[in-house]
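Here is the structure we will look at.
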Protein chains: 4
Amino acid sequence: MAGSVNKVILLGNLGRDPEIRSFSNGNRVANLQIATSETWRDRNSGERREKTEWHSVAIFSEGLVKVAEQYLRKGSKVYIEGQLQTRKWQDQSGQDRYSTEVVLQGFNASLVMLDGRSGGGDFNGGGGFGGGSNAGSSNNELGKSSVGFDYAPFDDDLDDDVPF
Amino acid sequence: MAGSVNKVILLGNLGRDPEIRSFSNGNRVANLQIATSETWRDRNSGERREKTEWHSVAIFSEGLVKVAEQYLRKGSKVYIEGQLQTRKWQDQSGQDRYSTEVVLQGFNASLVMLDGRSGGGDFNGGGGFGGGSNAGSSNNELGKSSVGFDYAPFDDDLDDDVPF
Amino acid sequence: MAGSVNKVILLGNLGRDPEIRSFSNGNRVANLQIATSETWRDRNSGERREKTEWHSVAIFSEGLVKVAEQYLRKGSKVYIEGQLQTRKWQDQSGQDRYSTEVVLQGFNASLVMLDGRSGGGDFNGGGGFGGGSNAGSSNNELGKSSVGFDYAPFDDDLDDDVPF
Amino acid sequence: MAGSVNKVILLGNLGRDPEIRSFSNGNRVANLQIATSETWRDRNSGERREKTEWHSVAIFSEGLVKVAEQYLRKGSKVYIEGQLQTRKWQDQSGQDRYSTEVVLQGFNASLVMLDGRSGGGDFNGGGGFGGGSNAGSSNNELGKSSVGFDYAPFDDDLDDDVPF
DNA sequence: TTTT
DNA sequence: TTTT
């Protein structure tokens with residue numbers, strides 16, 4: 001079905017440090033637990049109430065895995081954009097179980113850090129943040145230099161001949 | 001946490017007719033199964049491949065439940081905007097299980113029908129579609145007249161004194 | 001056209017303090033200038049480049065105007081969700097001119113503050129921020145108590161009879 | 001500012017056929033005019049009212065330009081995801097003017113056709129739709145084979161060693 | 001279970 | 001200028 005959209009946008013805080021694991025082929029995944037919450041006033045009692053939702057996020061883009069590894073920690077505020085995926089697995093008794101995650105993979109995924117709470121990192125440090133632009137989007141993935149990420153948002157070469 | 005975002009955007013097709021159930025208090029829920037899919041070309045074999053993802057959607061806004069009931073059918077193409085929620089429940093053996101759904105509830109939810117495939121309905125029929133504008137958004141919920149849904153996108157009363 | 005979507009999502013910083021003006025009927029508007037930017041590496045020179053985009057945002061929801069007034073300042077980081085609107089006006093020479101803005105109005109609009117930089121405010125202060133939940137969304141607008149904003153994200157009354 | 005989001009989502013109809021122009025360097029741009037509209041009931045008169053908004057969309061991704069060229073026509077319903085950009089230009093009298101457009105460029109852009117209304121095209125034609133997967137997203141741009149678009153949404157190679 |  |  002060329003013609004569908006599957007998009008999740010979350011802005012919230014990490015409930016714990018990212019967990020990063022490696023596959024045998026060298027690929028990695030970073031798992032985040034992100035909390036979002038809503039507050040409202042109860043219709044009857046008038047009390048203030050709050051409901052927190054926890055989201056499992058799996059990052060497969062190596063560039064964003066690096067960002068998560070270096071800069072995200074428990075409590076970090078983060079904006080992410082990914083897609084919904086449900087995995088089927090068997091529990092110890094052999095029963096089918098399903099887990100739904102927000103997956104950041106390939107293009108169309110992004111991750112934006114919203115605070116400097118970077119543990120031992122040097123997020124706001126002068127000059128040192130070579131991965132700066134990578135943090136904003138998977139478009140510029142670290143370690144994937146064969147892919148043409150260096151795409152100009154608006155190519156200057158065109159300016160001499162803009163047709164509109 | 002006043003300061004979080006939990007948003008899901010899906011555009012896909014219904015795998016079956018909506019299932020609508022009533023609560024003892026008269027409230028209703030419409031459950032949809034929405035398919036989204038992606039196609040890509042395999043890196044190695046060069047073959048075209050496709051992966052379909054199925055999403056459980058639960059609609060609690062009565063106005064949108066009415067729209068689902070009247071106009072959505074198996075195969076309908078639909079755009080929805082809601083939020084992620086994971087429910088905990090116990091299976092027959094008493095074990096904790098979790099189900100993640102996309103919930104359309106309150107404001108911030110919307111549903112847009114993208115075809116006239118309305119089964120026995122009269123979607124494109126003249127005059128009969130009194131709920132027309134309601135279909136586009138939960139902002140104008142049917143049967144919730146106590147809430148001020150009749151909000152002008154841009155209030156004409158202001159035009160005589162626009163400060164900018 | 002019941003069946004369209006017009007949505008803008010911005011996450012960026014205010015270039016200056018919000019400008020708030022009143023209409024003769026008492027309604028207010030808050031205007032924000034929000035910067036977003038992208039960095040990339042030039043394909044030819046290999047240099048790091050950055051392009052900043054400035055967005056005009058007009059907030060008509062009184063609850064969110066109050067939030068902007070009290071808590072947003074030059075430099076504040078903010079997430080907003082609104083819609084695109086283009087206004088036609090005449091310049092001093094009588095020529096038609098057009099201005100495109102991101103409008104936050106009615107439901108479907110939200111504003112999330114992403115830092116505590118609240119000037120004289122008491123954003124993170126205990127208790128004092130009665131409008132806390134209001135900041136997260138226009139769903140709970142201050143000063144519009146006639147509208148049923150106190151909507152429970154998930155109404156407990158239903159729990160005794162969940163049909164699924 | 002590594003840490004911003006600039007995203008526009010539109011779902012609406014084309015007011016006229018796409019206009020496609022070429023730059024001297026061979027690059028192309030497709031310009032679309034997309035209408036979105038809202039209906040509501042006037043608070044005072046109770047009348048049904050409608051407001052249509054027109055959006056200028058500029059597509060720079062060659063893959064999506066091809067899709068627009070072949071499949072989009074006046075009246076086509078389309079979902080697009082892009083970003084806001086304001087261009088400065090001088091009118092004939094030398095005055096600065098600004099135009100705001102929704103730009104689809106690079107990754108993070110998508111275009112989904114929502115009907116088969118493809119004019120002389122062969123959108124639903126058997127087999128002939130070589131650009132099928134390209135239509136769904138800029139991730140698979142035609143004519144940019146040097147870029148590794150053939151990314152598997154979920155790489156099977158990993159399945160033998162999933163660490164979670 | 002949808003759709004192309 | 002679209003669409004319902």
Side-chain angles (χ1 to χ4, degrees), chain A residues 1-6 86, chain B residues 10-19 31-40 48-57 67 71-80 112-118 122-137, chain C residues 1-6 86, chain D residues 10-19 31-40 48-57 67 71-78 112-118 122-137:
Chain A
M1 181 172 36
S4 62
V5 174
N6 173 1
T86 299
Chain B
L10 299 177
L11 195 166
N13 296 280
L14 271 65
R16 54 177 189 239
D17 289 354
E19 291 175 5
N31 287 285
L32 312 181
Q33 295 297 317
I34 297 185
T36 58
S37 61
E38 300 178 79
T39 57
W40 72 96
R48 179 92 156 279
R49 302 192 51 184
E50 178 167 14
K51 179 166 183 290
T52 295
E53 194 70 36
W54 287 98
H55 309 273
S56 287
V57 175
V67 170
Y71 303 110
L72 297 184
R73 295 292 178 271
K74 177 177 177 173
S76 295
K77 178 158 284 196
V78 74
Y79 169 98
I80 64 103
V112 176
M113 293 169 289
L114 295 171
D115 53 15
R117 202 173 328 189
S118 55
D122 185 14
F123 178 62
N124 289 311
F129 186 45
S133 66
N134 300 289
S137 163
Chain C
M1 179 172 37
S4 61
V5 174
N6 174 0
T86 298
Chain D
L10 299 176
L11 195 166
N13 296 280
L14 270 65
R16 55 176 189 239
D17 289 354
E19 292 175 4
N31 287 283
L32 312 181
Q33 294 299 314
I34 296 184
T36 59
S37 62
E38 300 178 78
T39 56
W40 72 98
R48 180 92 155 280
R49 301 191 51 184
E50 178 167 13
K51 179 166 182 292
T52 295
E53 193 70 36
W54 287 99
H55 309 273
S56 288
V57 176
V67 170
Y71 303 111
L72 298 183
R73 294 292 178 271
K74 177 177 178 173
S76 296
K77 179 158 283 196
V78 74
V112 176
M113 292 169 288
L114 295 171
D115 52 16
R117 203 174 325 187
S118 53
D122 186 13
F123 179 62
N124 289 310
F129 187 45
S133 65
N134 300 290
S137 160

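Lettering of chains follows the sequences in order, A, B, ..., and the numbering in each one begins at 1. In this text, all values refer to a predicted model and were calculated from it rather than measured experimentally.
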Student check: side-chain heavy atoms of B/V112 and C/S4 closer than 4.5 Å: no
Roughly, in whole Å, what's the span from NZ in D/K51 to P in F/dT3? 19 Å
Going by side-chain contact (heavy atoms from CB on, under 4.5 Å), name the residues that satisfy it together with B/E53, two or more places apart in sequence or in a different chain. A/N6, A/Q85, A/T86, B/T36, B/K51, B/H55
When the distance from CD1 of D/I34 to P of F/dT1 is rounded to whole Å, what number comes out? 18 Å
Answer whether the closest heavy-atom distance between the side chains of D/K74 and D/L14 falls below 4.5 Å. no
Would you mind reading off the distance between D/W40 atom CH2 and F/dT4 atom P, rounded to a whole angstrom? 19 Å
Looking at F/dT4, F/dT1, E/dT2, which one has an atom nearest to any side-chain atom of D/E50? F/dT4
Could you state the atom-to-atom distance from CG of D/L32 to C1' of F/dT2 in whole Å? 12 Å
Answer yes or no: is there a side-chain heavy-atom contact under 4.5 Å between B/V78 and B/V57? no
Round to the nearest Å and state the distance from D/E53 atom CD to F/dT3 atom P. 18 Å
Output the rounded distance in Å from CG (D/L72) to C1' (F/dT3). 15 Å
Flag as yes if B/W54 stacks onto the base of E/dT2 (centroids under 5.5 Å, planes under 30°), otherwise no. no
For the base of E/dT2, is there a side-chain donor-acceptor partner from B/T52 under 3.5 Å away? yes
Listed nucleotide nearest any side-chain atom of D/N13, set F/dT1, E/dT2, F/dT3: F/dT3
Given E/dT1, F/dT1, E/dT3, identify the nucleotide with an atom nearest to the side chain of B/R16. E/dT1
Quickly work out the B/L114 CG to F/dT4 P distance and round it to whole Å. 12 Å
Just how far, in rounded Å, is C1' of E/dT3 from NZ of B/K77? 6 Å
